[in-house]
Novice: 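Let me give you the structure first, and then I'll get to my questions.
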Amino acid sequence: MKAIVDIDLQTLLFEFIGGLGIFLLGIKFMGDGLQKSAGDRLRNILDRFTTNPFLGVLAGIIVTCLIQSSSGTTVLTVGLVNAGFMTLRQAIGVIMGANIGTTITAFVIGLDIGEYALPILAIGALILFFFKNQKVTAVGQTIFGFGALFFGLELMSSGMSPLRSLEAFHELTVSMAASPVLGVVVGTVFTLIVQSSSATIGILQGLFSEGAIALEAAIPVLFGDNIGTTITAVLAAIGTSITAKRAALTHVIFNLVGTIIFLIFLGLFRSYVGYLQASLNLNPEMTIAFAHGSFNIINTLIQVWFIGALAWIVTKIIPGEDTIIEYNPKHLDPIFIQQSSTLALDQAKAEIIRMGEYAHQGLEETNLYVTTQNQKHSEMAMQVEGALNNLDRKITDYLVNIAAGSLSDAESVKHTSLMNSVRDIERIGDHYENIIELIDYKISNKVNLTEQALEDLNTMFDLTLLTVKQAVESLDKMDREAALEVIQKEDKIDKMERQFRKKHIIRMNEGLCSGSAGIVFVDIISNLERIGDHAVNIAEEVLGE
């Protein structure tokens with residue numbers, strides 16, 4: 001008899017764990033498929049539609065519906081804040097919207113089409129294996145994920161059904177009904193472990209459907225699920241900017257405050273959910289879905305008016321100033337294109353100078369990464385490189401729009417010069433990105449450079465930094481003397497590159513340096529030489545050559 005009980009327990013445990021795994025895989029597959037089908041424009045949605053808090057909430061809902069993960073949206077938002085694409089206030093609106101968007105999974109589960117899970121899985125698998133078109137396979141991936149989600153739920157439900165007859169579990173649910181805070185703790189801890197509120201809501205729907213838990217006990221667990229899901233954003237914010245940390249903390253405060261409010265009015269909310277269940281004739285799964293959706297929508301409607309207060313609170317909790325890299329242009333006002341092409345070109349030039357200053361900053365951070373191997377310098381340099389790429393696109397588009405109008409001969413010359421300068425500055429970013437990748441390789445493969453090699457790199461970096469800075473300044477002031485000095489410095493860089501290359505070959509021949517170290521060193525100085533070439537191109541635009 002004992003062996004039978006053991007076998008049953010093992011089967012139940014395996015069904016539950018296996019079902020949970022398939023469910024999580026289904027959510028990931030469905031989210032990835034939807035994201036690919038959407039053309040991977042999520043960053044653009046968040047970047048464009050966050051001009052006010054209400055649009056931010058809408059953007060959060062849309063993106064979370066597409067990727068099927070509020071944690072994913074919040075992590076993406078933290079990344080955008082860290083990169084300077086989004087302000088803290090904009091991020092708070094998106095985070096609130098993400099909490100609403102994540103409820104869509106619970107409503108999908110509430111459709112109760114588990115018996116068709118295997119045919120849906122089969123259709124998705126057939127599309128994945130027999131079609132090569134990326135858009136079609138993205139649809140197949142979505143369908144496969146949809147089927148896996150329901151198949152996982154069926155397995156979990158099968159594993160959970162005997163729990164209602166288990167005395168210890170029955171006592172726990174009675175305790176949670178009597179003490180809602182216990183239910184909140186259970187929901188929080190379980191979501192912290194599973195790392196998916198959608199999964200824990202799905203489990204809650206299964207338990208409620210099997211009659212293993214009463215609605216009075218289920219609702220506080222649901223609140224806890226919302227708190228537990230914030231851990232992903234908190235983890236994503238480790239090592240990021242102060243503003244990104246504040247955005248992650250906002251997610252925690254938002255769900256904590258919402259839970260406290262709803263616990264105060266728990267009886268009223270319980271009656272409201274019961275009324276919905278009776279009047280709409282909801283099945284158990286859909287009842288939990290409506291409770292989850294109502295909690296997040298009402299919580300957002302309450303707190304969206306206090307975004308400024310939330311921003312103030314997290315700023316006080318996490319004090320300090322950030323070094324923010326502004327990805328978006330500051331000077332490119334389209335109205336100047338209509339009014340005066342001369343003014344518009346001046347605005348474009350002001351933005352190019354700002355872009356050039358960023359290139360110099362990124363190169364400085366790269367130099368610090370070479371010297372210290374501290375990851376924060378690499379991260380900052382890559383943030384700047386991202387800003388350079390974005391500004392390159394925006395400035396180029398602006399210059400193309402200017403060219404659509406009528407330009408005088410002098411304006412045409414200036415327009416061409418600015419187009420060339422934008423390209424050269426963007427290429428400086430590409431070259432220092434190459435250097436960062438070389439240092440990453442050096443660190444991961446434990447490649448050691450000699451002290452002489454590091455000294456040579458520092459010397460060449462100093463001269464290259466000075467050359468880039470002077471090139472940008474010469475463009476800003478149209479200073480011919482400064483431009484001529486840039487050309488002289490670049491000649492020194494070229495000679496330095498040839499000299500250091502020869503010295504390094506001698507070190508390799510003498511056995512002082514490994515082949516891998518030789519490749520890293522030569523590639524770094526080669527990239528620095530190319531950066532010098534781009535600085536000269538900028539100077540030559542000033543000289544009119």
Side-chain angles (χ1 to χ4, degrees), residues 45-64 69-103 184 187-188 191-192 197 222-265 269 292-324 326:
I45 292 171
L46 291 176
D47 188 26
R48 290 182 185 180
F49 301 105
T50 53
T51 49
N52 66 58
F54 296 100
L55 281 175
V57 171
L58 183 62
I61 293 169
I62 293 167
V63 171
T64 308
S69 168
S70 61
S71 296
T73 304
T74 309
V75 167
L76 185 60
T77 304
V78 166
L80 288 168
V81 171
N82 188 50
F85 258 116
M86 193 182 290
T87 65
L88 178 61
R89 287 186 175 222
Q90 289 171 326
I92 293 171
V94 174
I95 288 165
M96 289 178 174
N99 278 270
I100 296 173
T102 195
T103 62
V184 172
T188 302
T191 309
L192 287 174
S197 62
L222 185 149
F223 298 159
D225 291 342
N226 280 273
I227 296 171
T229 195
T230 63
I231 189 65
T232 313
V234 171
L235 293 172
I238 294 170
T240 57
S241 67
I242 291 169
T243 310
K245 288 185 175 76
R246 287 170 182 163
L249 180 59
T250 302
H251 193 206
V252 177
I253 292 173
F254 173 72
N255 283 300
L256 275 174
V257 169
T259 297
I260 291 166
I261 293 169
F262 276 77
L263 282 176
I264 293 167
F265 299 100
F269 186 65
H292 189 214
S294 298
F295 169 77
N296 282 296
I297 291 168
I298 296 167
N299 189 23
T300 300
L301 289 173
I302 292 169
Q303 294 194 58
V304 74
W305 308 101
F306 302 100
I307 283 177
L310 276 169
W312 181 83
I313 289 166
V314 295
T315 302
K316 290 295 179 186
I317 295 171
I318 304 175
E321 290 296 321
D322 249 340
T323 307
I324 295 292
E326 285 282 353

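Keep in mind the model is a prediction, meaning the values are calculated, not measured.
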Novice: Measuring from Ile261:CD1 to Phe295:CZ, what's the distance to the nearest 0.5 Å?
Specialist: 8.5 Å
Novice: Within this structure, what is the CZ-CD1 distance for the pair Phe269 and Ile264, rounded to the nearest 0.5 Å?
Specialist: 14.5 Å
Novice: Run the side-chain contact (heavy atoms from CB on, under 4.5 Å) test against Thr315 and tell me which residues pass, sequence neighbours left out.
Specialist: Leu88, Arg246
Novice: Could you tell me whether the side chain of Gln90 reaches within less than 4.5 Å of the side chain of Leu55, counting heavy atoms only?
Specialist: no
Novice: Can you tell me how far the CD1 atom of Ile260 sits from the CG atom of Asn255, to the nearest 0.5 Å?
Specialist: 11.0 Å
Novice: Could you note down all residue pairs passing side chain to side chain donor-acceptor pair (under 3.5 Å) where residues 299-310 supplies at least one of them, sequence neighbours left out?
Specialist: Asn299-Gln303
Novice: Hey, could you give me the CZ/CD1 distance between Phe262 and Ile302, rounded to the nearest 0.5 Å?
Specialist: 5.5 Å
Novice: Is there side-chain contact between Met96 and Ile307, with at least one heavy-atom pair below 4.5 Å?
Specialist: yes
Novice: Using the side-chain contact (heavy atoms from CB on, under 4.5 Å) criterion, which residues pair with Thr188? Sequence neighbours excluded.
Specialist: Val184, Leu192, Ile227
Novice: In Å, rounded to the nearest 0.5 Å, how long is the span from NE2 of His292 to CD1 of Ile297?
Specialist: 10.0 Å
Novice: For Asn226, which residues count as a side chain to side chain donor-acceptor pair (under 3.5 Å) partner, sequence neighbours excluded?
Specialist: Asn296
Novice: With sequence neighbours excluded, what pairs up with Leu249 under the side-chain contact (heavy atoms from CB on, under 4.5 Å) test?
Specialist: Ile253, Val314, Ile317, Ile318
Novice: List for me each residue that meets ring pair (Phe, Tyr, Trp, His ring centres under 6.0 Å) alongside Phe254, sequence neighbours excluded, and say none if there are none.
Specialist: none
